[in-house]
Number of protein chains: 2
Amino acid sequence: MVKNRFFFNFADENIINEYAKRVNDEYKSGEIGYYHLPNLAKAMSAEILEYEKSLDEIKSVVLVGIGGSSLGVKALKQMLSDKPHKRELFFLDNVDESSFKSVINSVNFSQTLFIISSKSGTTIETISIFKCLLSLYKPKDLSKNFLIITDPATPLEAYAKENGVKFFNIPKNVGGRFSVLSAIGLVPLALCGYDILALLEGASSAKKHYIDENKKEIIAKAYHYATHRSADINVIFSYCDRLASFNEWYVQLWAESLGKKRGYKRIGRTPIGLIGSRDQHSFLQLIMDGVKDKTITFIKITGQNEIKIPNLSIKGLQSCDFVNSLGLNELLNHQCDATAMALVQEGLSVDVIEISQLDEFSAGYLIYYYELLTSAVGIMLGINTYDQPGVEIGKRILKTMLLK
Amino acid sequence: MVKNRFFFNFADENIINEYAKRVNDEYKSGEIGYYHLPNLAKAMSAEILEYEKSLDEIKSVVLVGIGGSSLGVKALKQMLSDKPHKRELFFLDNVDESSFKSVINSVNFSQTLFIISSKSGTTIETISIFKCLLSLYKPKDLSKNFLIITDPATPLEAYAKENGVKFFNIPKNVGGRFSVLSAIGLVPLALCGYDILALLEGASSAKKHYIDENKKEIIAKAYHYATHRSADINVIFSYCDRLASFNEWYVQLWAESLGKKRGYKRIGRTPIGLIGSRDQHSFLQLIMDGVKDKTITFIKITGQNEIKIPNLSIKGLQSCDFVNSLGLNELLNHQCDATAMALVQEGLSVDVIEISQLDEFSAGYLIYYYELLTSAVGIMLGINTYDQPGVEIGKRILKTMLLK
């Protein structure tokens, strides 16, 4: 149901095996939490689903969180937007006044659950929006309309305990951008009626293929990216509108994990997310004729084919009749194949991920696949994939600017 | 109302003057149409506004168009989303079945105007969606619910004439990605009640500054981008959610204009659009610590400050109190300044565009500013900024695949 075809050569098997072992060692060390979420999070799912039963009066859920606390959830919400859902999910993921007003005007406080989601518990944007909500609604009983997701033992957890607010924890060793399969993603998605067990099952299935059964594709692809230094821009070209937010999740995962200093040396791989066929009319020209500094992964969804282009010939426009009777999505997928072929002919590194149906299972698979790929590239580049030292400086400058 | 500050050095004045002259020559040649739209399009505006008066029964407008026919319109719709508007504007800009169904389910045919927008008149995606609409609604009288925007003398124009469908033309010498200030953008925006005269006035104002009065900032900035070859990724970091689609418009403009073959040599500048402060928690790490291959333009909106962070101290979270009493957007702008300063300290090329208010005037100014900048970089790189030969190959392969 998720297939991956490659149009570039893999490195020598010994090298791939060597790195597969190193990824496996990192997995087995237990230090990096996200690897283990597909199993670990199953226990928490029961608690979440039990809690959901208490929310009879709640019609909308607003997730207050930024970066790793919202990008993955947004991605999954959009990937699953064709599915029926129980409650509407909104996001407050920026300190932008217009967005704040727009979300507030879309919900009714007494029927809304606000999830305050912050791994550190002290994210300045999230806490500031939380304060705005407290000041706007002046709730007497916080427990009815608020829920907190945070690491164990943060100030935000202490606040939850003191105010009788329900909270869920993220394991300390699961990084923000790797956390969507923890409470960060599972809680809001389950409360809105998406099937989080199928999501975890999809991730489990990817884990089974690439860790337990030792399938080497991800390692080989990672090695290509880590060593193909003239092409240090890695494009995902998704032929499906519902993958736009997945692209943004990938951009965070890739950029923040793989842009690092190693001693005095600066290392980086630049992620770009495109949507087909739309961006054939935008970015494609640069990939085709510009500097060959990009790899391209196409993602297409094959199992949707309801709306057909009618067998209609418009006078003067007969040159467009060659796609008549195709499904809209069939046309989209043929465009994907044609573009991939054109790029292969130009000698670019191309691979194609084919998904039969965009549902919780395949979404979980794809998420785990990209997390593993990121870890593997990080190991090959010899960097710490899981920290983000570079973003602290801006925070310090902000504090200095405002405290003086 | 639109200010630009630079944190890198400009080249020698003689060089800048030389290139300013070449841009001016291109402008004066009259061959490149977009330069002249701020004046030219005023006459058409009267016709559009007159036509709008005939649309009493129309409640929604659906723009069917892809690439240059929709990206700029989407950008302006979002930039102006705080403004009151007369009709809702929807987009069918991809052959994606789910998106098609979602738009169709949001409108009532008899109260909807579908704009079929295609410069060439034969865009395969646009014509295919047009056919789906014809087959779905089987309209007896096309003139009531359809409108066409296309180049003069295309098959689509002929179709409009034969079926009594109102149409507007784009000047032949205005390229798709440079066309948002022509009928392509003006028609849908005017029909939805946005002030297209103020939009053109904003563009006129930019033209006055940079062409008529010969202000050199854009040329100097372009020269920096064209010659600073180690930094060939050009990032726009917009601190405002309403600029997300503007970022995408910029990505098309930049990528498709500046990614070209010059003889056997491949030339390119890679555009990236980010949203602050959100992407401080995503892409910023890569800019700070990764390879120094990026320039960064910050865009911030200064004149909005309604919602304040309350002067509230939460027990355990006092470390977040230093932003208390700031407006949400003040915090956003301080974050913008702090991040810009952090990047300047790392030795990256930074400039800041400050807009006092996001309205039709400033939107028009910003659009024209970026079009001029693109033209200037294209001249300096010695390429044809206005064609897109690379995207034809994929179209040919598609046809070959489907005709066999």
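All values below were derived from every heavy atom in this structure, side-chain atoms included, with hydrogens, water molecules and symmetry-related copies excluded. The sequence lines fix the lettering, A, B, ..., with proteins before strands; numbering per chain opens at 1.
Contact count against chain B (heavy-atom pairs under 4.5 Å) is highest for A:Ser128 among A:Gly316, A:Gly68, A:Ser128. Among B:Lys260, B:Lys265, B:Gln388, B:Arg177, the residue with the largest count of heavy-atom pairs under 4.5 Å with chain A is B:Lys260. Counting heavy-atom pairs closer than 4.5 Å to chain A, the top residue among B:Leu343, B:Leu332, B:Asp241 is B:Asp241. For chain A, the option among B:Gly394, B:Ser98, B:Gly268, B:Ser81 with the highest count of heavy-atom pairs below 4.5 Å is B:Ser98. Contact tally against chain B (heavy-atom pairs below 4.5 Å) for A:Gln304, A:Arg242, A:Arg269: the top residue is A:Gln304. With respect to chain B, the highest number of heavy-atom pairs below 4.5 Å among A:Ile314, A:Ile393, A:Thr339 belongs to A:Ile314. Ranked by non-hydrogen atom pairs under 4.5 Å with chain A, the options B:Glu306, B:Lys101, B:Gln345, B:Lys315 are led by B:Glu306. Ranked by heavy-atom pairs under 4.5 Å with chain B, the first of A:Leu258, A:Ile383, A:Asn305, A:Leu71 is A:Asn305. For the set B:Thr123, B:Ile267, B:Leu284, the entry with the most heavy-atom pairs within less than 4.5 Å of chain A is B:Ile267. Counting heavy-atom pairs closer than 4.5 Å to chain B, the top residue among A:Arg262, A:Gln252, A:Glu162, A:Glu248 is A:Gln252. Heavy-atom pairs under 4.5 Å with chain B peak, among A:Ile301, A:Leu312, A:Asn324, at A:Leu312. Between chain A and the residues B:Gly67, B:Pro155, B:Cys320, the most heavy-atom pairs under 4.5 angstrom are made by B:Cys320.
In this structure, the side chains of A:Asp96 and B:Arg278 stay at 4.5 Å or more apart for every pair of heavy atoms. Within the 4.5 Å cutoff, side-chain heavy atoms of A:Ile272 are placed close to those of B:Ile272. Residues A:Leu317 and B:Leu156 meet the side-chain proximity criterion, which asks for heavy atoms closer than 4.5 Å. Taking 4.5 Å as the limit, some side-chain heavy atom of A:Thr270 sits within range of a side-chain heavy atom of B:Leu286. Considering only heavy atoms from C-beta on, A:Phe322 comes within 4.5 Å of B:Leu398 through its side chain. Looking at B:Val391 and A:His281, their side chains never come closer than 4.5 Å, going by heavy atoms from C-beta outward. Side-chain contact between B:Cys132 and A:Pro310: present, with at least one pair of heavy atoms (C-beta onward) separated by less than 4.5 Å.
For A:Leu134, the part sitting under 4.5 Å from any heavy atom of chain B is the side chain, from C-beta outward, and nothing else. Interface remark: A:Glu392 contributes no atoms to any contact with chain B (heavy atom separation under 4.5 Å). Contact of A:Ile275 with chain B is made through the side chain alone, with heavy-atom distances under 4.5 Å. Neither the backbone nor the side chain of A:Asp279 comes within contact range of chain B, judged by heavy atoms closer than 4.5 Å. Only the side chain of A:Asp82 has a heavy atom closer than 4.5 Å to any heavy atom of chain B. For A:Leu253, no part lies under 4.5 angstrom from a heavy atom of chain B. Heavy atoms closer than 4.5 Å to chain B are found in the side chain of A:Ile233, but not in its backbone. Using a 4.5 Å cut-off between heavy atoms, A:Tyr159 touches chain B through its side chain atoms alone.
If you take OG on B:Ser319 and CD1 on A:Ile127, they are separated by 8.5 Å, rounding to the nearest 0.5 Å. Distance check, rounded to the nearest 0.5 Å: CZ of B:Arg266 to CG of A:Asp293 gives 10.0 Å. With values rounded to the nearest 0.5 angstrom, A:Leu136 atom CG is found 8.0 Å from B:Ile307 atom CD1. A distance of 14.0 Å separates CE of A:Met341 from CZ of B:Arg396, quoted to the nearest 0.5 Å. Put simply, CD1 on B:Ile309 and CD1 on A:Ile129 are 8.5 Å apart, with the number rounded to the nearest 0.5 Å.
Residues that satisfy the side-chain hydrogen bond (donor to acceptor under 3.5 Å, both in side chains) test with A:Glu157, not counting sequence neighbours, are A:Lys161, A:Asn169. For A:Asp289, the side-chain hydrogen bond (donor to acceptor under 3.5 Å, both in side chains) criterion is met by A:Gln285, not counting sequence neighbours.
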Exercise. For side-chain hydrogen bond (donor to acceptor under 3.5 Å, both in side chains), just list the numbers for B:Gln280 and A:Glu125, CA-CA rounded to whole Å, side-chain angles, deciding distance to a tenth of an Å, and then say yes or no.
Key: CA-CA 11 Å; B:Gln280 290 185 205; A:Glu125 292 92 341; 4.8 Å; no
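In this structure, a donor-acceptor pair under 3.5 Å is absent between the side chains of B:Asn311 and A:Lys131. A donor atom on one side chain and an acceptor atom on the other are not found under 3.5 Å apart for B:Ser282 and A:Glu256.
We find that A:Glu97 and B:Lys308 are not joined by a salt bridge, their nearest charged nitrogen and carboxylate oxygen being 4.0 Å or further apart.
Without hydrogens or angle criteria, A:Asn94 side chain to B:Gly276 main chain gives a donor-acceptor distance under 3.5 Å.
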